[in-house]
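Only one structure is covered here, and it is reproduced in the block below.
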Amino acid sequence: MLSIELIRRNPELVAAGLARRGEETALAELIDLDASRRVWVTERDELRATHNEMSREFGKLMAASKQGGGDEERMTALRAETQSTSERIEALENQINDAEAKIETMMLVLPNLPLDSVPEGLDETANIIDRSWGDPRTFDFTPQAHWDLGEQLGVIDMERGSKISGARFYVLKGAGAQLERALINWMLNVHTREHGYTEMALPAMVREQTMIGSGNLPKFGENLYHDAEEDLWLLPTAEVPLTGLHRDEILEPGTLPIRYVAQTPCFRREKAAAGRDTRGIKRVHQFSKVEMYKLVDPADSAAELETLVADAEDLCQRLGLPYRILSLCAGDIGFQSAKTYDIEVWSPGCEEWLEVSSCSTCEDFQARRSNLRYRPEAGARPQFMHTLNGSGLALPRIIIAILENYQRADGSVEVPDVLKPYMGYDVITA
RNA sequence: GGAGGGGUGGCCGAGUGGACGAAGGCGCCUGUCUUGAAAACAGGUGUGGGGCAACUCACCGUGGGUUCGAAUCCCACUCCCUCCGCCA
């Protein structure tokens, strides 16, 4: 959520920021509503003040009358007056409630403003390659795509995945399942032991309010699974429950930064991508992901974004997977993001750059939605913190990258060095 | 699923429908005293909205209702706890 004060004070700046994302938003109605609301609130509060006063006087007269010294006429007049005042208050209240509901509806669909350092552009073609690492491996044979490799090796079973659950579901078997487990273990260990994150195990279903807090609702419900009976939503990412964790709290001085890491299943309906990436396990309805998340002092968020990316990069480097880092342009960053870096790993089999991590700073956007505040120092006013999130890393895509990058001419796949202790063997063979 | 109990300020904990934003205690902050600290004593100590100063309004799990007036009464919901049943 953007700050209503900012919109009120500096509408041009907000409109310009939204325009960079390609959002044509008319703020005039919002600003008018906000102005009306404030007028009505003042009026209502004044009425309430006189109402309270009259009610107190009535109480005193009531007490006096019990002692036998009441002023019946005054009491009757007061009762009539307070009643009519109540009616006026109620009318104003209805106007205010309507206005506030409309304001909230509008505010909840406004995306975050891109930072100045975000590249200009409206779609992915304007993303900028910030840097890259490693050289794509050269092969003296034609590298296979993971859907062929996985099937030959018996580690990915697409057919049975769709048999039991439908399109875009898959089954990992034997070394495939072990590879996923090894990756999760290894990644969590690196993040908790070396990068300073605290490991969390989280619910995979959340309430609507939690989805609103992270920015996934009300706008992107189409991409989420929802259980109507219990009114719970399945996570598209651990970012959602991690954002909700400290909702409505005021963190004491000295508690920030907080760095969390969590492995959760992620569920996505992929409606918008219907028909795209239908082969293999690149785009599926359910996958596992290790997610890093930070709650920080606003002064530190820019630096924390860089270390967040570095923490994800570190994993790619240790896995020996060549990658590039994109700075997403204003039109391509996510709804809640103020700035995003994507890490893409080269996959020689399907011959494409695979997005294995997306690292964003949301500044105070999610903090406003979720009411995440901290006290800068003892006795100071609470203020909104900044939140950041980044994959570290997305599992199926890393599995794709490992299979395709580490394949050998005979169709076997070498296990990356860092995972060998976790797997217990060096090569995946049929 | 059944039965019962309960959600009050950072914490504990009072609160007969009328000056309760809320007693008391703890904690915390400031001051006095002290070489310093502790103790003692005095004062202060929630969040949000409007104005952005004085001030004012709201908030006692959430949402409705009754009333001139609700933390207090009524209804619904929600969360927590205890016991029984069921499942693991």
Side-chain angles (χ1 to χ4, degrees), chain A residues 1-10 30-104 106-107 202-213 227-233 241 244-256 364 367-385:
Chain A
M1 197 136 61
L2 301 177
S3 152
I4 187 73
E5 293 90 54
L6 179 66
I7 296 172
R8 189 189 295 158
R9 254 198 341 267
N10 210 337
L30 180 58
I31 292 165
D32 284 351
L33 267 172
D34 173 60
S36 306
R37 187 194 77 94
R38 283 181 297 149
V39 170
W40 295 333
V41 162
T42 304
E43 203 178 331
R44 177 200 60 185
D45 285 354
E46 280 166 4
L47 282 173
R48 282 218 275 231
T50 62
H51 182 270
N52 287 344
E53 214 171 301
M54 290 190 288
S55 189
R56 271 184 225 117
E57 189 189 341
F58 186 92
K60 280 183 195 162
L61 291 172
M62 195 70 163
S65 106
K66 275 183 189 156
Q67 314 266 311
D71 179 345
E72 294 298 331
E73 266 179 54
R74 179 66 182 144
M75 282 172 73
T76 310
L78 270 179
R79 181 177 280 136
E81 223 174 313
T82 46
Q83 258 163 353
S84 73
T85 308
S86 283
E87 280 160 26
R88 292 171 60 203
I89 291 173
E90 206 184 322
L92 277 168
E93 210 130 66
N94 289 337
Q95 289 185 67
I96 293 166
N97 288 343
D98 284 356
E100 284 179 347
K102 279 185 196 150
I103 288 169
E104 205 198 353
M106 289 188 235
M107 295 287 287
L202 303 158
M205 305 175 102
V206 297
R207 298 160 175 261
E208 181 185 44
Q209 185 58 53
T210 310
M211 283 289 183
I212 291 173
D227 171 53
E229 189 145 4
E230 304 295 338
D231 194 18
L232 286 171
W233 300 78
L245 221 49
H246 294 285
R247 177 151 60 89
D248 293 330
E249 292 180 24
I250 299 172
L251 301 183
E252 288 310 310
T255 34
L256 297 182
D364 64 5
R368 286 180 187 282
R369 290 182 161 242
S370 295
N371 198 22
L372 310 175
R373 292 173 298 166
Y374 74 107
R375 212 181 289 281
E377 49 197 88
R381 281 181 66 94
Q383 48 178 279
F384 293 114
M385 59 188 79

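Labels below follow one simple rule: chain letters A, B, ... track the order of the sequence lines, proteins then strands, and each chain is numbered from 1.
- Here, G10(B) and G46(B) have their C1' atoms 9 Å apart, quoted to the whole Å.
- The separation of U45(B) from G24(B), taken at their P atoms, amounts to 13 Å, rounded to a whole angstrom.
- Look at the C1' atom in both G51(B) and U34(B): the space between them is 46 Å, to the nearest Å.
- Considering OG of Ser370(A) and CZ of Arg368(A), their distance stands at 12.5 Å, rounded to 0.5 Å.
- Between Arg247(A) atom CZ and G61(B) atom C1' the separation is 13 Å, expressed in whole Å.
- Nucleotides C20(B) and C59(B) are separated by 13 Å at their C1' atoms, to the nearest Å.
- RNA chain B is contacted by both Glu252(A) and Met54(A); Glu252(A) maps to the nucleotide lying nearer its 5′ end (nearest heavy atom per residue).
- Only the P atoms considered, U47(B) is 15 Å distant from A22(B), to the nearest whole Å.
- Within residues 81-93 of chain A, the residues approached by RNA chain B to less than 4.0 Å at the level of any non-hydrogen atom are Thr82(A), Gln83(A), Ser86(A), in residue-number order.
- For the P atom pair drawn from G43(B) and A23(B), the interatomic distance equals 15 Å after rounding to whole Å.
- One distance of note links OG of Ser86(A) with CZ of Arg48(A); it measures 10.5 Å at 0.5 Å rounding.
- Counting heavy atoms from C-beta outward, Gln95(A) and Asp98(A) have side chains that stay 4.5 Å or more apart.
- Atom CG in Asn371(A) sits roughly 18 Å away from atom P in C59(B) (whole-Å rounding).
- The CZ atom of Arg9(A) lies 12.0 Å from the CD1 atom of Ile31(A); values are rounded to the nearest 0.5 Å.
- Residues Asp45(A) and Val41(A) are in side-chain contact: their nearest non-hydrogen atoms beyond the backbone lie under 4.5 Å apart.
- At least one side-chain heavy atom of Gln209(A) sits less than 4.5 Å from a side-chain heavy atom of Arg247(A).
- With both ends at atom C1', the span from U62(B) to A14(B) equals 24 Å, rounded to whole Å.
- Interatomic distance, Thr82(A) OG1 to His51(A) NE2, rounded to the nearest 0.5 Å: 5.0 Å.
- Side-chain contact between Trp233(A) and Asp227(A): absent, with no pair of heavy atoms (C-beta onward) separated by less than 4.5 Å.
- Separating the CG atom of Leu232(A) from the P atom of U78(B) is a distance of 12 Å, rounded to the nearest angstrom.
- Checking Glu93(A), Glu100(A), Glu43(A) one by one against Arg37(A), the salt bridge (Lys or Arg N to Asp or Glu O under 4.0 Å) holds for a single residue, Glu100(A).
- In this structure, CG of Asn97(A) is placed 11 Å from P of G63(B), rounded to the nearest angstrom.
- Expressed to the nearest 0.5 Å, how far CZ of Arg88(A) lies from CG of Leu47(A) amounts to 4.5 Å.
- Rounding to whole angstrom units, CZ of residue Arg79(A) and C1' of C68(B) are separated by 6 Å.
- In this structure, NE2 of His51(A) is placed 17 Å from P of G18(B), rounded to the nearest angstrom.
- Arg74(A) comes within contact range of no nucleotide atom at all, as no heavy-atom separation falls under 4.0 Å.
- Rounded to an integer number of Å, the gap from CG of Asp231(A) to P of U78(B) is 11 Å.
- In the displayed structure, Glu377(A) atom CD is contacted under 6.0 Å by at most 12 heavy atoms of other residues, nucleotides or ligands.
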Checklist outcome for this item: Protein-proximity profile, nucleotides 44-58 of chain B, B/S/- by nucleotide at the 4.0 Å heavy-atom cutoff, equals ---SSBSS----SSS

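- G17(B) sits 11 Å from U72(B) when the P atoms are compared, rounded to a whole Å.
- Stem analysis of RNA chain B (Watson-Crick or G-U pairs, both distances under 3.5 Å, runs of at least three) returns B:1-7 with B:78-84, B:10-12 with B:24-26, B:27-32 with B:40-45, B:46-50 with B:55-59, B:61-65 with B:73-77.
- Other residues, nucleotides and ligands place no more than 12 heavy atoms under 6.0 Å from the CD atom of Glu104(A).
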